[in-house]
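Note that ligands are numbered from 1 as they come in the structure, with each ligand's atoms numbered from 1 the same way.
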Amino acid sequence: APAEAILEVNNIEVIYDRVILVLKGVSLSVPRGGITALLGANGAGKTTTLKAISNLLHAERGEVTKGSIVFEGAEVQNLSPNDLVRRGCIQVMEGRHCFGHLSVEDNLLTGAFTRRDGQAAIRDDLEMVYNYFPRLKVRRNSQAGYTSGGEQQMTAIGRALMSRPKMILLDEPSMGLAPQLVEEIFEIVRKLNEEQGVSFLLAEQNTNVALRYAKYGYILESGRIVLDGEASALRENEDVKEFYLGVG
Ligand code: ATP
């Protein structure tokens, strides 16, 4: 039997500024405990898809005009982003979005804002985050804005972890990072998936690395899914090789 889906996106359409149709019927599903990649070139609509799920489109004058988004069996389109975080689904935005003037540790602590349990549990989770990202422990008192790009990406993921998510929507984690650091971050994603059971929807332009860590992938072109399949099959697919893996 197919694994239960933690997230289902059913045929969504997204329009910006009331007229610009950007997603033209996107459907995808992420199994509970899975790592699923959403692939495609710059401008294909990956970020728009993640923001539609997290309900972050309003600030950009975008709206979902068709379709449904179901997280753990419940329609979530009318939830605020914070309510969705409380239910266990959180987005890590592209470009990292740390609070540059706060310390790394204070950035992490801001990630616990939706929680109602006590300080002791939050401290425990801070240690859990440092356990996954030892570099952040070293840099805990540094102003986040002065840490490296890789450290800021780690801070952004660590901050999301502080909300105790069941699912993370991770936008373009490889962006602007050296290959070795990209591997380091993806290895941590894999560990979080295996050890904490966090499900991931991973938007990436770096098809090569994403298909090594994801189990399943969807390829988005101009607002439509044009191909999907097991990561191993996509890696062998001739079109994927030619257009996305740079092997053509
Ligand atoms: P990137 O790698 O740049 O994030 P992407 O695949 O995530 O690319 P989106 O950022 O979702 O793509 O953009 C998809 C399309 O929507 C692009 O053509 C973009 O110009 C358009 N778009 C994005 N945001 C807006 C907006 N606020 N208003 C109008 N059009 C927008």
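Ranking the protein heavy atoms by distance from atom 21 (C) of ligand 1 puts Val22 CG2, 4.0 Å first. With respect to atom 14 (C) of ligand 1, the closest heavy atom belonging to the protein is Gly43 O, 3.2 Å. Scanning the protein heavy atoms around atom 22 (N) of ligand 1, the nearest turns out to be Tyr16 CE1, 3.5 Å. Closest protein heavy atom to atom 5 (P) of ligand 1: Lys46 N, 3.4 Å.
There is a path of hydrophobic side-chain contacts, each under 4.5 Å, that joins Val26 to Tyr16. Cluster membership for Tyr218 and Leu39, using ILVMFWY side-chain heavy atoms within less than 4.5 angstrom, is not shared. Under a hydrophobic clustering in which Ile, Leu, Val, Met, Phe, Trp and Tyr are joined whenever their side-chain heavy atoms come within less than 4.5 Å, directly or via other members, Phe186 and Ile168 fall into the same cluster. Cluster annotation: Ile6 is connected to Leu79 through the hydrophobic network of ILVMFWY side chains, with a link wherever side-chain heavy atoms come within less than 4.5 Å.
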Intermediate values then yes/no, side chain to side chain contact (heavy atoms under 4.5 Å, CB included), Lys24 and Ser222: CA-CA 8 Å; Lys24 303 159 185 167; Ser222 306; 4.2 Å; yes
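In the vicinity of Glu172, heavy-atom distances shorter than 4.0 Å reach the ligand 1 atoms 2 (O). Each of the atoms 27 (N) of ligand 1 lies under 4.0 Å from some heavy atom of Glu60. Close approach to Ala44 involves these atoms of ligand 1, each under 4.0 Å from a residue heavy atom: 5 (P), 6 (O), 12 (O). Set against the non-hydrogen atoms of Ala41, the atoms of ligand 1 under 4.0 Å away are 6 (O).
Partners of Asn193 by side chain to side chain contact (heavy atoms under 4.5 Å, CB included), not counting sequence neighbours, listed by chain and number: Ile35, Phe200. By the ring pair (Phe, Tyr, Trp, His ring centres under 6.0 Å) test, Tyr130 is found to be paired with no residue, residues two or more places apart in sequence or in another chain being considered.
Distance remark: protein heavy atom not present below 4.0 angstrom from atom 19 (C) of ligand 1. Of the protein's heavy atoms, at least one falls inside 4.0 Å of atom 9 (P) of ligand 1.
Between atom 13 (O) of ligand 1 and the options Leu23, Ile20, Thr47, Thr48, the minimum heavy-atom separation is to Thr48. For atom 6 (O) of ligand 1, the choice among Gly45, Ala203, Gly62, Gly40 with the nearest heavy atom turns out to be Gly45. Considering only non-hydrogen atoms, atom 3 (O) of ligand 1 lies nearest to Asn42 out of Val14, Asp17, Asn42, Val19.
The nearest pair of heavy atoms linking Lys166 to Arg87 is NZ-O, 3.7 Å.
Residue contacts with ligand 1: Gln205 is included, with a non-hydrogen atom under 4.0 Å away. Residue contacts with ligand 1: Lys51 is excluded, as none of its non-hydrogen atoms falls under 4.0 Å.
Side-chain contact check for Asn82 and Thr114: no donor-acceptor pair (N or O, by modelled atom type) lies under 3.5 Å.
Only the side chain of Glu94 comes within 4.0 Å of ligand 1, judged by heavy-atom distances.
Between the side chain of Glu172 and the backbone N or O of Gln205 there is at least one donor-acceptor pair closer than 3.5 Å.
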